[in-house]
Amino acid sequence: MKTRIITGLWAGAIFITVIALGGNAFVSLMGILALIGLSEFTLMRKHKLLAFPFLVTALLVAFPFILLLLESHIVTDDLPFSVEQWLVLGLVLLLFWTVVTKNRFTYEDASFYFVSAVYLVVGFISFALVRLSDDGLSKVLLILFMIWATDSGAYFTGKAFGKAKLWPSISPNKTIEGAIGGIVSAIVLGVIFVLVDPILPVVEVLILAIVVAVVGQLGDLVQSAYKRQFGVKDSGHLLPGHGGILDRFDSMIAVFTVIWVFNLL
């Protein structure tokens, strides 16, 4: 518990500071976290970090963040590749690698790397784009507070009242009562936030809080599912007492992806 608290304090301080700074500092952090997340996926699959598939996929993941950092200095229309074309090129290279290795690197492996890349790029780029938007700091803090309220509300409600299992084959400890408590906590926190900082009407925040709470818990279940598939307790060990980057950002990746796809902010 002591290790968990100490890690939470220093990691949280760094994270909140970079969120407050915004701009290129925040975009750079998102890119670094995405690459660390890719390394965690790779190690969970028991592949080597310096092997060709990881290096190709790392370039796929890094490219959109580099473009975002250079956006004010270059005309993206003049580039030979768009982000979409870059991703397709990476997928083709991964598929070619199945031939080069005579199927030691399989179609399933290629799919794994490509899906991991899309998951990480969309999740962390969406996070960055919300921060770079108008009132970005307030929007990001609102979303983060609602995610954290969901986690805390689900945990304490589940501990106190939880009986009906939510999805025992994936996450045995989660309960329906806890999930409902998480949604209620997100709504309460969201309403309090906009009463202090009225960046959105209360009705919109009510809808947003429900979306954030539901999607955040689904993101957590997705992460539980792939950890169970790979037979690991934590995605990594970068954050002592907390696990890896994927352990800490599972809900955020899902939530910011949905917010970006449906233009909710």
Side-chain angles (χ1 to χ4, degrees), residues 7-40 57-87 116-149 189-190 193-194 196-200 204-205 208 212 215-216 219 238-239 242 244-265:
T7 301
L9 288 173
W10 67 257
I14 293 172
F15 187 53
I16 294 297
T17 299
V18 179
I19 289 175
L21 288 172
N24 284 351
F26 188 71
V27 174
S28 298
L29 177 63
M30 292 297 98
I32 291 168
L33 293 177
L35 288 170
I36 295 172
L38 177 62
S39 71
E40 291 178 355
T57 312
L59 290 174
L60 295 187
V61 170
F63 183 69
F65 295 96
I66 293 171
L67 281 188
L68 200 54
L69 288 169
L70 298 177
E71 192 174 36
S72 60
H73 304 289
I74 60 175
V75 179
T76 53
D77 291 341
D78 293 339
L79 293 174
F81 296 110
S82 67
V83 172
E84 294 82 2
Q85 289 170 317
W86 186 254
L87 286 170
S116 297
V118 173
Y119 172 77
L120 293 166
V121 166
V122 174
F124 284 107
I125 279 286
S126 300
F127 201 159
L129 291 174
V130 173
R131 177 61 185 91
L132 294 174
S133 66
D134 294 337
D135 295 320
L137 178 58
S138 292
K139 290 176 181 176
V140 164
L141 290 178
L142 171 61
I143 297 302
L144 291 180
F145 287 153
M146 288 196 291
I147 289 172
W148 294 334
L189 194 286
F193 187 98
V194 294
V196 176
D197 184 3
I199 59 170
L200 290 174
E204 289 185 22
V205 169
L208 183 63
V212 168
V215 172
L238 181 66
L239 303 170
H242 292 265
I245 292 302
L246 296 174
D247 290 307
R248 291 299 91 203
F249 285 84
D250 51 0
S251 296
M252 297 179 211
I253 289 171
V255 167
F256 281 102
T257 295
V258 168
I259 286 172
W260 175 71
V261 168
F262 293 101
N263 195 25
L264 297 181
L265 280 177

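Atoms considered below: every heavy atom in the structure, side chains included; atoms not considered: hydrogens, waters and symmetry mates. FYI, the numbering just counts along the sequence from 1.
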Exercise for the section: Compare all side-chain heavy atoms of Leu239 with those of Trp10 and state whether any distance is below 4.5 angstrom. Expected result: yes
Handout entry: Asp135/Asp197 under side chain to side chain contact (heavy atoms under 4.5 Å, CB included): CA gap, chis, key distance, verdict
Key = CA-CA 11 Å; Asp135 295 320; Asp197 184 3; over 6 Å; no
Completion exercise
For Gly123 and Thr257 the tightest heavy-atom approach is CA-OG1, 3.3 Å
Practice task
Compare all side-chain heavy atoms of Leu132 with those of Leu68 and state whether any distance is below 4.5 angstrom.
Solution key: yes
Practice task
Taking the side chain as every heavy atom from C-beta outward, state whether Met252 and Leu144 have any pair of such atoms under 4.5 Å apart.
Solution key: yes
Practice task
Classify the angle between the aromatic ring planes of Phe15 and Phe26 as parallel (below 30°), tilted (30 to 60°) or perpendicular (above 60°).
Solution key: tilted
Handout entry: Any side-chain heavy-atom pair of Val121 and Leu60 under 4.5 Å
Key = no
Exercise for the section: Could you check if a side-chain atom of Val140 sits within less than 4.5 angstrom of a side-chain atom of Phe127, using non-hydrogen atoms only? Expected result: yes
Practice task
Evaluate whether atom CH2 of Trp148 has more than 12 neighbouring non-hydrogen atoms of other residues, nucleotides or ligands under 6.0 angstrom away.
Solution key: yes
Problem - Taking every non-hydrogen atom, the tightest pair across Ala254 and Gly219 - result: CB-CA, 3.7 Å
Exercise for the section: Please check if the side chain of Glu40 supplies one atom and the backbone of Leu246 the other of a donor-acceptor pair under 3.5 Å. Expected result: yes
Exercise for the section: Output yes when a side-chain donor or acceptor of Trp86 lies under 3.5 Å from a complementary backbone atom of Leu59, and no otherwise. Expected result: yes
Practice task
Please report the shortest heavy-atom distance between Ser138 and Phe193, naming the atom on each side.
Solution key: O-CZ, 3.5 Å
Problem - Ile259 side chain near Val215 side chain, heavy-atom distance below 4.5 Å - result: no
Practice task
Keeping the roles fixed (side chain from Arg131, backbone from Lys139), state whether a donor-acceptor pair exists under 3.5 Å.
Solution key: no
Problem - Closest contact, heavy atoms only, Leu142 versus Ile199 - result: CD2-CD1, 4.0 Å
Fill in the blank from the handout: Interatomic distance, CG@Leu141 vs CD1@Ile16, rounded to 0.5 Å, equals 6.5 Å
